[in-house]
Asks: 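I have a structure I would like to understand better, so I am pasting it below and will then ask my questions one at a time.
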Protein chains: 2
Amino acid sequence: MHTTDQKEILSLAYYDHEDKVLLAVDCIIFGFDQEELKILLVKRGFEPEKGKWSLIGGFLKKEEDLDIAAIRVLHHLTGLHDIYMEQLYTYSKVDRDPAYRTLSVAYYALIDIGKHDKELIKKNSAQWFSLKDAPNLIFDHNAMVERAMARLRRRALSKPIGFELLPEKFTMRQLQKLYEAIMGKKLDKRNFISKFNSFDILIKLDEKDMSSSKKGAFLYKFNEEKYNRKVEEGFSFKI
Amino acid sequence: MHTTDQKEILSLAYYDHEDKVLLAVDCIIFGFDQEELKILLVKRGFEPEKGKWSLIGGFLKKEEDLDIAAIRVLHHLTGLHDIYMEQLYTYSKVDRDPAYRTLSVAYYALIDIGKHDKELIKKNSAQWFSLKDAPNLIFDHNAMVERAMARLRRRALSKPIGFELLPEKFTMRQLQKLYEAIMGKKLDKRNFISKFNSFDILIKLDEKDMSSSKKGAFLYKFNEEKYNRKVEEGFSFKI
DNA sequence: ATTTACACGTGTTAAAAATACACTTTTATA
DNA sequence: TATAAAAGTGTATTTTTAACACGTGTAAAT
């Protein structure tokens, strides 16, 4: 408590008459199910807007920074650690939350849709929606999702973040479908594969995935060490 | 006061026990002086860190959203309205400000360095620094400047925001020097001009600028209407 | 009057990257 | 053993980017 006391003493002259606000953290959680991008939403359990769909969120606590708060919120809903997450934007319209002056810092997260704790999300009345038929969301959460989607699209072009959305082993076709979903357009199979191979950051396994064809498709892994080494040598991922 | 009362009543059950914080807004103000990028800094007039250089900032007020607060802060220092401004990132390390738990939302702004109110900035003990020899800044302000620079570099490639930093009329050479400053590398004169001309969003004036050569250099203006029309037709600025 | 110095303005060619495009292979199942 | 369904693979064309050098106009100096 010492530092807090000291802070409060120091603060009297300059800070104390300033307005204080509540800060929320809201997370746009993306997943990918072989065909399309999905987001995880919860049915809100309290007023205002009780019963409507919303992003998962929580309030920033005194002893946390925003990244920690976002991780806490995400972990609470999915049971997952070590998730790719990025701060997106801070929303501050005066009446965005009709109940109280609250600002919200939006984060987006990419998760392997197969890995989260299904019990936990059921318990939290959460549900995956494909982006196309997601319900209308409370407050400014629709705008948050749109901004997250735009950011994801941009990032996916310059960083191999797509791997966060895939299982550890994946086929070239899955990778391509993911990029098609992110970029919102069809890609040419041959061009896509030869471009990706030119990066030389994938490991081709001996295993095949037999679930999608009779012939079977080779599985690949992302070679993160090699990627990092290449980046240090000046390589930049541009798809 | 009615809405405030109502808010406070509604809020009791769900919001009242949450921690509240102070929210600051800090602005990275970029200018361009024919040769290099500069930022406007102020000597801080109060504790903590009194006398050190910092970004200009202020606290968010109850009745403002962040954009409005950033505009207010900027106007207070430069006297300027209608400035290009963009929210950058929210900084939240628990001890970023040793005096009080304060988060800061950073904004960056682009201004025509010739236009601001020189009296006003003197009165506020502010000063322009070239990015290279800017002093060390308080708190996490150095990180803010770096992030702003990275954002500016990225944005300048996909939007013609450079014009915000130039006077209304400019020469091709000035435009090129600005892009060189933003991108941190020399560009080829012929390639630069022919690329820019291919966009067809400049108006060549009959006037010449005689200040930099005996021959004189034609002045240009940015054709914003034409640019906007083109964007609507699907044109995208990529330099 | 002539020369000098200085930035202005302009086009072509070669290399690299992006795009368009179609057939053979494999194998489970009918 | 014929079929169906996805896997896997290479080349030619177009577009974009990068590299590169010299004549012009004019004020100032001689």
Side-chain angles (χ1 to χ4, degrees), chain A residues 33-36 153-154 156-158 166-167 169-221 230 234-239, chain B residues 33-35 153 156-158 166-167 169-221 230 234-239:
Chain A
D33 73 348
Q34 316 292 313
E35 285 299 329
E36 47 184 10
R153 217 170 272 139
R154 198 157 44 68
L157 297 177
S158 62
L166 292 172
K169 300 172 183 182
F170 50 86
T171 65
M172 277 293 189
R173 180 44 66 95
Q174 284 174 283
L175 185 60
Q176 184 184 341
K177 285 225 168 129
L178 170 59
Y179 272 88
E180 289 177 339
I182 291 175
M183 290 157 75
K185 64 175 182 194
K186 287 273 170 217
L187 302 172
D188 179 85
K189 185 165 53 159
R190 282 162 294 184
N191 293 339
F192 180 82
I193 290 173
S194 62
K195 171 155 244 176
F196 235 101
N197 280 336
S198 75
F199 296 152
D200 186 27
I201 52 174
L202 296 182
I203 302 168
K204 184 174 186 170
L205 305 176
D206 285 332
E207 278 174 88
K208 281 189 162 188
D209 170 285
M210 303 305 293
S211 68
S212 63
S213 77
K214 291 156 187 170
K215 189 179 176 185
F218 279 105
L219 288 163
Y220 291 79
K221 281 167 89 170
K230 287 192 152 228
F235 166 79
S236 94
F237 179 89
K238 288 259 169 286
I239 210 163
Chain B
D33 73 348
Q34 315 293 310
E35 285 299 329
R153 218 169 272 138
L157 297 177
S158 63
L166 291 172
K169 300 173 184 181
F170 50 85
T171 65
M172 277 294 189
R173 180 45 65 95
Q174 283 175 283
L175 186 60
Q176 184 184 341
K177 285 223 167 131
L178 170 59
Y179 272 87
E180 289 177 341
I182 292 175
M183 290 157 75
K185 64 176 182 192
K186 288 275 168 213
L187 302 172
D188 179 86
K189 185 165 52 159
R190 283 163 294 186
N191 292 340
F192 180 82
I193 290 174
S194 61
K195 171 155 245 176
F196 234 102
N197 279 336
S198 75
F199 296 152
D200 186 26
I201 54 173
L202 295 182
I203 302 168
K204 185 174 188 172
L205 305 176
D206 285 331
E207 276 174 272
K208 280 189 162 188
D209 171 285
M210 303 305 294
S211 68
S212 62
S213 79
K214 289 155 189 170
K215 190 180 177 185
F218 280 105
L219 288 164
Y220 291 78
K221 281 167 88 170
K230 287 191 153 230
F235 166 78
S236 94
F237 179 89
K238 288 258 168 288
I239 209 163

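As a basis for the values below, the full set of heavy atoms in this structure was taken, side chains included, without hydrogen atoms, waters or symmetry mates. Chain letters run A, B, ... following the sequence lines, proteins first, then strands; residues in each count from 1.
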Asks: For A:Phe196 and A:Phe192, take the angle between the two ring planes, folded into 0 to 90°, and tell me which bin it lands in: parallel under 30, tilted 30 to 60, perpendicular over 60.
Replies: tilted
Asks: State which residues pass salt bridge (Lys or Arg N to Asp or Glu O under 4.0 Å) with A:Lys186; sequence neighbours excluded, sorted by chain then number.
Replies: A:Glu180
Asks: Taking the side chain as C-beta and beyond, is there a heavy-atom pair between A:Leu157 and A:Lys238 under 4.5 Å?
Replies: no
Asks: Give, ordered by number, those residues of residues 171-182 of chain B having at least one heavy-atom distance below 4.0 Å to an atom of DNA chain C; if nothing qualifies, reply none.
Replies: B:Arg173
Asks: Taking the side chain as C-beta and beyond, is there a heavy-atom pair between A:Asp209 and A:Phe170 under 4.5 Å?
Replies: no
Asks: Tell me, please, the opening and closing nucleotides of DNA chain C, 5' to 3', among those with an atom under 4.0 angstrom from a non-hydrogen atom of chain A.
Replies: C:dA18 to C:dA28
Asks: On DNA chain D, check which nucleotide each of B:Lys189 and B:Met210 is closest to and give me the residue with the more 5' one.
Replies: B:Lys189
Asks: Taking A:Lys208 for its side chain and A:Lys215 for its backbone only, find out whether a donor-acceptor pair lies under 3.5 Å.
Replies: yes
Asks: Check whether any side-chain heavy atom of A:Tyr179 sits under 4.5 Å from a side-chain heavy atom of A:Leu187, and report yes or no.
Replies: yes
Asks: Please confirm whether the backbone N or O of A:Met183 pairs with a side-chain atom of A:Arg153, one donor and one acceptor, at under 3.5 Å?
Replies: no
Asks: To the nearest 10°, let me know how far the axis at one end of the helix from C:dA1-D:dT30 to C:dA30-D:dT1 is tilted from the axis at the other, five pairs an end.
Replies: 10°
Asks: Any N/O pairs under 3.5 Å between the protein and nucleotides 16-19 of chain D? List them or say none.
Replies:
{"unit_1": "D:dT17", "atom_1": "OP2", "unit_2": "B:Lys195", "atom_2": "NZ", "d": "3.2"}
{"unit_1": "D:dA19", "atom_1": "N7", "unit_2": "B:Asn191", "atom_2": "ND2", "d": "2.9"}
{"unit_1": "D:dA19", "atom_1": "N6", "unit_2": "B:Asn191", "atom_2": "OD1", "d": "2.9"}

Asks: Shortest non-hydrogen contact from B:Thr171 to B:Gln174?
Replies: N-OE1, 2.8 Å
Asks: Would you call A:Phe218 and A:Asp206 a side-chain contact if the rule is heavy atoms closer than 4.5 Å?
Replies: no
Asks: Measure the shortest side-chain to side-chain distance between A:Ile239 and A:Lys195 over non-hydrogen atoms and say whether it is less than 4.5 angstrom.
Replies: yes
Asks: Check DNA chain C against residues 214-221 of chain A and give the residues with a non-hydrogen atom under 4.0 Å, in numerical order.
Replies: A:Lys214, A:Lys215
Asks: Go nucleotide by nucleotide along DNA chain D from the 5' end; which of A:Ser213 and B:Ser213 gets its closest nucleotide reached first?
Replies: A:Ser213
Asks: What is the minimum heavy-atom distance between A:Ser213 and A:Gly216, and which atoms define it?
Replies: OG-N, 2.8 Å
Asks: Would you call A:Lys177 and A:Glu36 a side-chain contact if the rule is heavy atoms closer than 4.5 Å?
Replies: no
Asks: Starting at CD of A:Gln176, measure out to CG of A:Asp188 and round the result to the nearest 0.5 Å.
Replies: 7.5 Å
Asks: Is A:Asp200 close to A:Lys230 at the side-chain level, that is, under 4.5 Å between some pair of heavy atoms?
Replies: yes
Asks: Check whether any side-chain heavy atom of B:Met172 lies under 4.5 Å from a side-chain heavy atom of B:Leu202, and answer yes or no.
Replies: yes
